[in-house]
Every structure is written in C-alpha cells, then in structure tokens.
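Predicted, not measured: the structure shown is a model, and the values here were computed from it. In what follows, residues are counted from 1 in the order of the sequence shown. The analysis underlying the following values was restricted to heavy atoms, covering all of them including side chains, and did not include hydrogens, waters or symmetry mates.
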Amino acid sequence: MSDFEPMGRGIVGGPFLQALELPVTARRLREGVSAPGMLSYSERALLHEVVRTTWRGEGVVIDGGSFFGSSLAASAEGMLAGEALDDVEASTFPDGKPIHGFELGHLPAPANPAVDRRRVFGDVEYYLGDSFVPILEKTVAPYRDLVSLHVGDLLEQSWDGSPIEVAFIDVCKTIRLNAHVSREFYPCLVAGASTLIHQDFFFDRLPWIRVTMGYLRDFFRWEGQVFSSSVYRSVAAVPHDVAAIDPFLEGTFEECLELHDACDYPELDRRYHFLLSLSRAYLAALKERKDDALDLLRSTESTYADLLADTDNPRGNRFRFDRAVRQISNGNIFKVS
C-alpha cells in the first residue's frame, strides 16, 4: 500500500509533505499581504514550511529563478518563523546571508511588435523586455538581512561550494541551464538533510528536467507534488563527476526515454500523467525522432481522450496537446541549447 495520498487539488504527498502545514499556511498567505508573482500559494506555503521545519543553519537556501521575489519572501518568512535562525552566525554564509536568489532580471520582449507587452501580476504592472529588478528588490527589501540577490545570466555565475539545505529551482528553462544547475548546486546539497524542489517538473515542454532527475534517482527520494513542483529529499551526496554529466545531451533517445520514465509518482492525478506523456513527445522531437514523437502524440490522444474532450479552459489540456502537435509537426520547437 502506498504512503502517498492526495492532499488537495494538485497536491500529492508522502509522510514528509503530509507533516507540513500546507493548507493552513497557504490559506494564511492568501489572506495576507502577498508578494507579486506567478507562484501558487500552495507552492509558497511549501517553501515556507520546508524552510521553517527543516532548515538548521548548516547550509543556505538557493532560489534559482526568483522572478518578482515571491519565493524568496516565502523562504525568508519561513526562516523567521523557524527556530534555527537565532543560533546561527551570519558570517558562516556567503555574503553573510543564508538565502541566495538568482535571477536574470527580465522577460524577453515579444518577437512580434503587435503583441501587447503589458502583463499584470496581482496589482503589479510589468512590460515584457523591461527590467523587473526594481520590483524584485522591493519585494525582498524587508528581508535584506537574510537575502543576497545575484542578478544576471546564471550561466555566467558559479556557486562557491558552500553547503545547500534547500534548493528551489525555477530556472531550468533551457538544456544548458539545466546542466549548469546540476553541476553548480547538486553536489553541494547536504546528503540526507536537503530538500530539492523542481518548480517546472510537471511542465510538459521541459523533458530534460525529468531525464536528469531519472539519472540522479539514486541520490534523491521523491516526496510528492505541489502543482507543477516536484519535491525531493537528498538521500546521498551527488559526486561532482556524476553531476558533470548531462544525460540529456549525452544520452540516446532510448536512454533518455528510459530515464524520463525511471521514477514512479504514486497517486498522481491523470492530468499530470497527461503532461508527462506530452513531455515524452517533446523529448523524441528534440532527439530528432519526429516519427516517434508523432506516434507518442497519437498514443497520448487515445489514452487521454477524456481530458482532451474538456475544452472549457482555453489554455487547458486541449490547448497544450494542439500546441504540441503543431510545434512537433512543423519542427517549430526550441532547439537544443
């Protein structure tokens, strides 16, 4: 019998997640003054509770892809609510700060000038192509004693090897970034005492994340899912030479597909299995196996016909499936870079 169970819409967890006060914390965050951003309140609650209950001051909290800073604020509030902060010496951390946020600082402007650049997140207005660093700095201003911001291209930055207790990763948008995160951060996770949260794990178009975590399956234990985030606890140290290998670029299609599907996700809702199925098709296309990709899409259409019949959400399952068919058929997918 599985130790995993549904904990609410889009949330599945084993004992580790079940012990956290996610619903209560999410409700409190939703009712309070919230930081702007796209991160769900349940994922903010996840960060708050993981830091509050597990951070011991032996390593830092890494926030990869901070955007407007809602994840940084959640981690900082969790640290302030915990019991470890008063007993640690700030000078033991890089820059004297226990939380480190990495952010490029802008979203790309649309290639088509006719597309509206304006976006609104809560009560914050942002124009694509502009810097949002002032918004990020305003969000973290109350926590600057705890937070060090690293603004710029992550590919041009390196980590100094300091121990990491919590890593929240929302930056693996490309294959190169995914490999860089693996090399720089994973060997620094404290074996048996660190939490890794992959925010984009259950997103259909980033198959390299699942290939990498399949490759590293002996070093992590899956603890559950909170919306698109996949939660892991470290069970063994990741050797530097292991982290230096990029299984997505170096593996064959068959090897990558095996790694992509190497882990089970008990009690996961069918919609997320549908997204994983689309991810397999994108994987095949990126490995230049277009015919296999189209075969996988036909299998997905048959297996998940019930989900595709629901067209009420204009950007829901049908939208994602049709987008995959269009992009893979036309060869108009992101390149391996």
> If we ignore angles and hydrogens, is there a donor and acceptor under 3.5 Å between the side chains of Tyr215 and Ser182?
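Per modelled atom types, Tyr215 and Ser182 side chains form no pair under 3.5 Å.
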
> For this output row, return yes or no: ring centroids of Phe201 and Tyr265 closer than 6.0 angstrom.
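Centroid distance Phe201-Tyr265: below 6.0 Å, so yes.
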
> Drop me the distance from Phe227's CZ to Ile11's CD1, to the nearest 0.5 angstrom.
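Going from the CZ atom of Phe227 to the CD1 atom of Ile11 covers 5.5 Å.
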
> Any idea how Trp55 and Phe93 line up, ring-wise: parallel (<30°), tilted (30 to 60°), or perpendicular (>60°)?
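Aromatic pair Trp55/Phe93 classed tilted.
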
> Is Val325 reachable from Phe319 through a run of hydrophobic residues whose side-chain heavy atoms are each under 4.5 Å from the next?
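Phe319 does not cluster with Val325.
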
> Would the number of heavy atoms belonging to other residues, nucleotides or ligands and lying under 6.0 Å from CG of Asp123 be above 12?
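Not more than 12 within 6.0 Å, no.
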
> Look at atom CG of Asn330 and say whether more than 12 heavy atoms of other residues, nucleotides or ligands are closer to it than 6.0 Å.
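Above 12, so yes.
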
> Does Glu49 come within less than 4.0 Å of Arg52, counting only side-chain N to carboxylate O?
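Here Glu49 pairs with Arg52 in a salt bridge, since their nearest N and O are under 4.0 Å apart.
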
> Heavy-atom count check: over 12 atoms from other residues, nucleotides or ligands less than 6.0 Å from Gln157 CD?
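Count over threshold, so yes.
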
> Applying side-chain contact (heavy atoms from CB on, under 4.5 Å) to Leu104 and Leu154, what does each step give before you reach the verdict?
CA-CA 7 Å; Leu104 179 62; Leu154 181 57; over 6 Å; no

> State which residues pass ring-ring contact (aromatic ring centres under 6.0 Å, His included) with Tyr272; sequence neighbours excluded, sorted by chain then number.
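ring-ring contact (aromatic ring centres under 6.0 Å, His included) check on Tyr272 returns Phe202.
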
> Atom CD of Glu165 and atom SG of Cys188: how far apart are they, to the nearest 0.5 Å?
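It comes to 13.0 Å.
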
> Do NZ/NE/NH1/NH2 and the carboxylate oxygens of Lys287 and Glu255 come within less than 4.0 Å?
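No salt bridge links Lys287 with Glu255.
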
> side-chain contact (heavy atoms from CB on, under 4.5 Å), that's the test. Do Trp222 and Met213 meet it? Break it down for me.
CA-CA 10 Å; Trp222 190 67; Met213 293 310 297; over 6 Å; no

> May I have the step-by-step check of side-chain contact (heavy atoms from CB on, under 4.5 Å) for Leu249 and Trp208, ending in yes or no?
CA-CA 9 Å; Leu249 283 183; Trp208 46 83; over 6 Å; no

> In terms of side-chain geometry, is the basic nitrogen of Arg318 or Asp322 positioned less than 4.0 Å from the acidic oxygen of its partner?
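Yes.
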
> What's the spacing between Ile175 CD1 and Thr212 OG1 if we round to 0.5 Å?
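Here the interatomic distance stands at 9.5 Å.
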
> So, taking the atom named CG in Leu146 and the one named CD1 in Ile99, what distance separates them when rounded to the nearest 0.5 Å?
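Going from the CG atom of Leu146 to the CD1 atom of Ile99 covers 5.0 Å.
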
> So, taking the atom named CD1 in Ile169 and the one named CD1 in Ile62, what distance separates them when rounded to the nearest 0.5 Å?
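Result: 7.5 Å between the selected atoms.
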
> Between Ser40 and Glu43, do the side chains contain an N or O donor and an N or O acceptor separated by less than 3.5 Å?
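A donor-acceptor contact under 3.5 Å links the two side chains.
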
> Would one find more than 12 heavy atoms of other residues, nucleotides or ligands at under 6.0 Å from atom CD of Glu58?
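Counting neighbours around CD of Glu58, more than 12 heavy atoms of other residues, nucleotides or ligands fall under 6.0 Å, so yes.
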
> Do the side-chain N and O atoms of Thr300 and Ser277 include a donor-acceptor pair separated by under 3.5 angstrom?
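There is such a pair (donor and acceptor under 3.5 Å, judged by atom type) between the side chains of Thr300 and Ser277.
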
> Once rounded to the nearest 0.5 Å, what's the spacing between atom CZ of Phe274 and atom CG of Leu308?
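The CZ atom of Phe274 sits 5.0 Å away from the CG atom of Leu308.
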
